[in-house]
Amino acid sequence: MTTSPKPQLNKILRKVYNAVYWLLLFNLIALGWPGRALAASGDGLFSYGSATAADVRQHYRTWTPSSYGAETDGPTAAGNTTYWTVMKGSPTQTGVYVMASVYNTGAAYVTQVWSYSGGSWTSEWSATPSVGQTAYRAVDVAFENSSGQVLVIYLTSTSTTTLYWQLGTWNGADYDWSTGSFTFTTTIGNLRWLRLANKLNDDDMIAAATGDNGTNQVNARVWDGGAFGNEMGANGTVNGTADNMDAVYETSTGDGMVAWGVSTGIDSAVWSGGSWSSQAVTSTTNAVINIALAADNGPTSDDIALGAVEDQASDDVWGKIWGGGSWTQSTELDNNTESSTSRNIDVAYAGTTGNAILVFADSAGGTVDWARSAGGGAFAVQGDFTPTASMAEEQICALVPDASGSNVIMYNLVDLNSDLFGYYYDDDAPGGVYWFDPEGAALEVDSSGGTTQESFQFAWESVYKVPTLTEILFLIL
């Protein structure tokens with residue numbers, strides 16, 4: 001009997017397809033991909049502190065697409081007042097989060113780290129900050145995007161000029177930790193604000209800090225996956241004591257940036273993988289007191305969005321775009337914002353669209369004030385969003401873009417009454433309706449951090465999926 005060649009050809013083609021698929025997949029993994037999750041737009045977790053009488057403690061809510069879950073008691077004991085909350089979702093373990101909170105038990109101040117998995121919290125470790133350190137964000141959390149290990153940097157009362165760190169490795173149930181610390185070679189005094197920025201598809205991070213030294217108030221070091229080194233050096237004087245420094249990595253080049261507000265605008269330095277280089281100050285009309293940075297996640301983009309607030313009688317808002325080598329866009333957006341020592345401005349990119357949004361506190365109140373940059377263009381103020389919920393002037397603004405790659409951005413804010421709200425932005429929404437108010441009311445009517453301390457944090461869940469051959473070829477080609 002004669003055998004038809006077609007089945008044999010199909011068999012050979014299937015073998016070639018499988019060989020190409022696994023070869024490409026293994027090479028991508030070896031190169032550090034995926035560093036962030038590919039997933040459907042999905043779930044998240046929101047943790048926050050309450051100062052409501054008879055309900056003073058940490059709470060949390062789950063998030064499923066377009067709605068918050070019911071309020072549930074968090075891991076702190078009743079009566080503990082939360083000042084700061086920082087929480088991130090693991091890029092390699094679905095449904096795993098790490099949260100750090102700074103709170104007051106009534107007898108002591110505590111920095112406590114928990115992990116969350118399977119609907120329950122596990123206490124990991126704690127430290128003791130000084131009373132003065134609790135006025136600032138004396139802790140930050142970030143995941144290594146390749147290994148999935150989590151890094152926590154924090155301050156303690158033991159040495160107020162020392163930056164402490166702990167690195168956690170997931171063991172299937174919680175984290176195993178290693179510890180370390182360092183003191184900047186060029187001192188910036190007693191440390192105040194901390195910021196961690198992680199690099200896409202890599203384990204590198206930048207740890208930046210401000211201090212109370214009169215002349216050198218900002219410094220940073222690079223984390224290489226196992227140790228800190230490559231100190232930036234104290235590059236300038238931060239203007240004021242507010243949340244006036246940020247750090248981020250460019251997506252395409254992987255270069256890192258630290259930026260801070262000064263008396264003439266925004267100063268910055270860039271880490272290119274081998275050395276730090278100071279950048280020219282991008283000017284504003286007056287001294288800058290609050291800034292926020294965000295990187296465009298587009299694989300070929302090095303754009304960074306920056307929002308800044310000036311210090312004057314009616315604080316002005318600026319939106320700027322870094323084009324990978326210089327500040328290419330600079331726009332004054334508003335000249336009547338709400339003055340605050342907290343971060344009353346934030347920026348974020350919608351997925352890989354290249355479109356960024358900027359939110360800020362306006363003195364009028366009652367609406368969400370925002371601007372938009374399309375495809376690296378200049379920021380332009382948009383029509384205010386009027387939510388169903390009744391709110392006063394914004395005081396603390398916090399944007400968190402979806403970790404799964406959708407074009408959704410979560411927006412949580414605290415108003416002048418210390419009420420806490422949750423809205424979201426969708427860059428894909430039809431008909432130009434970008435903003436949504438899923439709750440229609442405050443999520444918490446008395447945020448325990450008041451109008452100056454971020455006692456809340458939203459984190460998206462990251463979910464891995466095995467890519468198809470089409471997706472692999474798309475990423476390569």
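In this chain, residues are counted from 1 in sequence order. In what follows, every heavy atom counts, from backbone to side chain, and hydrogens, waters and symmetry copies are set aside. Everything numeric here is computed off the predicted structure, so don't read it as measured data.
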Whether the side chain of [X] engages the backbone of [Y] through a donor-acceptor N/O pair (distance < 3.5 Å, no angle test) should be reported.
X: N190; Y: T161; answer: no
X: E393; Y: G366; answer: no
X: T76; Y: N80; answer: no
X: Q453; Y: T134; answer: yes
X: R195; Y: A208; answer: no
X: N145; Y: N201; answer: no
X: D346; Y: L399; answer: yes
X: N286; Y: E310; answer: no
X: N244; Y: V288; answer: yes
X: D203; Y: S146; answer: yes

Taking it one step at a time, do E250 and W322 satisfy side chain to side chain contact (heavy atoms under 4.5 Å, CB included)?
-> CA-CA 10 Å; E250 294 176 354; W322 169 267; 2.7 Å; yes
Partner of L191 under side-chain contact (heavy atoms from CB on, under 4.5 Å), chosen from D212, I153, T183, L155 = L155
Which distance, rounded to the nearest 0.5 Å, do you find between the [atom1] of [X] and the [atom2] of [Y]?
X: T122; Y: Y116; atom1: OG1; atom2: OH; result: 11.0 Å
X: T328; Y: D303; atom1: OG1; atom2: CG; result: 6.5 Å
X: D296; Y: S301; atom1: CG; atom2: OG; result: 3.5 Å
X: D446; Y: S418; atom1: CG; atom2: OG; result: 6.0 Å
X: L413; Y: M391; atom1: CG; atom2: CE; result: 5.0 Å
X: L416; Y: I396; atom1: CG; atom2: CD1; result: 11.0 Å

Do the side-chain N and O atoms of [X] and [Y] include a donor-acceptor pair separated by under 3.5 angstrom?
X: S406; Y: D402; answer: yes
X: N344; Y: N290; answer: yes
X: T284; Y: E332; answer: no
X: E144; Y: S147; answer: yes
X: S181; Y: T162; answer: no
X: Q166; Y: Y154; answer: yes
X: K320; Y: T282; answer: yes
X: Q149; Y: W170; answer: no
X: T215; Y: N213; answer: yes
X: N355; Y: D427; answer: yes

Centroid-to-centroid, W193 to W84, below 6.0 Å?
-> yes
With a 6.0 Å cut-off on ring centres, are F379 and W318 close enough?
-> no
Validation row: [X], [Y] side chains within 4.5 angstrom (heavy atoms):
X: T179; Y: Y164; value: no
X: Y423; Y: F436; value: no
X: I321; Y: I304; value: no
X: Y175; Y: V98; value: yes
X: I291; Y: I345; value: no
X: V150; Y: V141; value: yes

At their closest point, which heavy atom of [X] faces which heavy atom of [Y], and how far apart are they?
X: P387; Y: D437; value: CB-OD2, 3.5 Å
X: M245; Y: T210; value: CB-CG2, 3.7 Å
X: G354; Y: Y349; value: O-CE2, 3.6 Å

Would you call the rings of W460 and F458 parallel, tilted or perpendicular, where under 30° means parallel and over 60° means perpendicular?
->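 The rings of W460 and F458 stand perpendicular, inter-plane angle above 60°.
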Report the residue from F46, W63, Y411 that forms a ring-ring contact (aromatic ring centres under 6.0 Å, His included) with Y424.
-> W63
Could you walk me through whether T82 and S455 pass the side chain to side chain donor-acceptor pair (under 3.5 Å) test, one step at a time?
-> CA-CA 6 Å; T82 301; S455 58; over 6 Å; no
Return all side-chain donor-acceptor pairs below 3.5 angstrom for residues 258-277, not counting sequence neighbours, or 'none' if the list is empty.
{"residue": "S272", "atom": "OG", "partner": "S275", "partner atom": "O", "Å": "3.3"}
{"residue": "W276", "atom": "NE1", "partner": "N230", "partner atom": "O", "Å": "2.8"}
{"residue": "S277", "atom": "OG", "partner": "Q279", "partner atom": "NE2", "Å": "3.2"}

Do R61 and E439 sit within salt-bridge range, that is, some charged N less than 4.0 Å from a carboxylate O?
->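 The answer is yes: the pair qualifies as a salt bridge.
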Is it true that R343 and D246 have a side-chain N and a carboxylate O under 4.0 angstrom from each other?
-> yes
Pair R372-W370, side chain to side chain contact (heavy atoms under 4.5 Å, CB included): steps then yes or no | CA-CA 7 Å; R372 186 170 183 261; W370 67 295; 4.0 Å; yes
Donor-acceptor list for residues 99-115 side chains, cut-off 3.5 Å, not counting sequence neighbours:
{"residue": "N104", "atom": "OD1", "partner": "G106", "partner atom": "N", "Å": "2.8"}
{"residue": "N104", "atom": "ND2", "partner": "Y83", "partner atom": "OH", "Å": "3.4"}
{"residue": "T105", "atom": "OG1", "partner": "A107", "partner atom": "N", "Å": "3.1"}
{"residue": "T105", "atom": "OG1", "partner": "A108", "partner atom": "N", "Å": "3.0"}
{"residue": "T105", "atom": "OG1", "partner": "A108", "partner atom": "O", "Å": "3.2"}
{"residue": "Q112", "atom": "NE2", "partner": "S123", "partner atom": "OG", "Å": "2.9"}
{"residue": "Q112", "atom": "NE2", "partner": "W125", "partner atom": "O", "Å": "3.0"}
{"residue": "S115", "atom": "OG", "partner": "E124", "partner atom": "OE2", "Å": "2.6"}

Are R192 and T241 close enough, and set up right, to give a side chain to side chain contact (heavy atoms under 4.5 Å, CB included), and what steps lead you there?
-> CA-CA 8 Å; R192 286 174 169 167; T241 60; 3.1 Å; yes
Step by step, work out the side chain to side chain contact (heavy atoms under 4.5 Å, CB included) result for V368 and W435.
-> CA-CA 9 Å; V368 170; W435 287 98; 4.2 Å; yes
Applying side-chain hydrogen bond (donor to acceptor under 3.5 Å, both in side chains) between S47 and each of H59, Q58, Q457, report the one that passes.
->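 Of H59, Q58, Q457, side-chain hydrogen bond (donor to acceptor under 3.5 Å, both in side chains) with S47 is met by Q58 alone.
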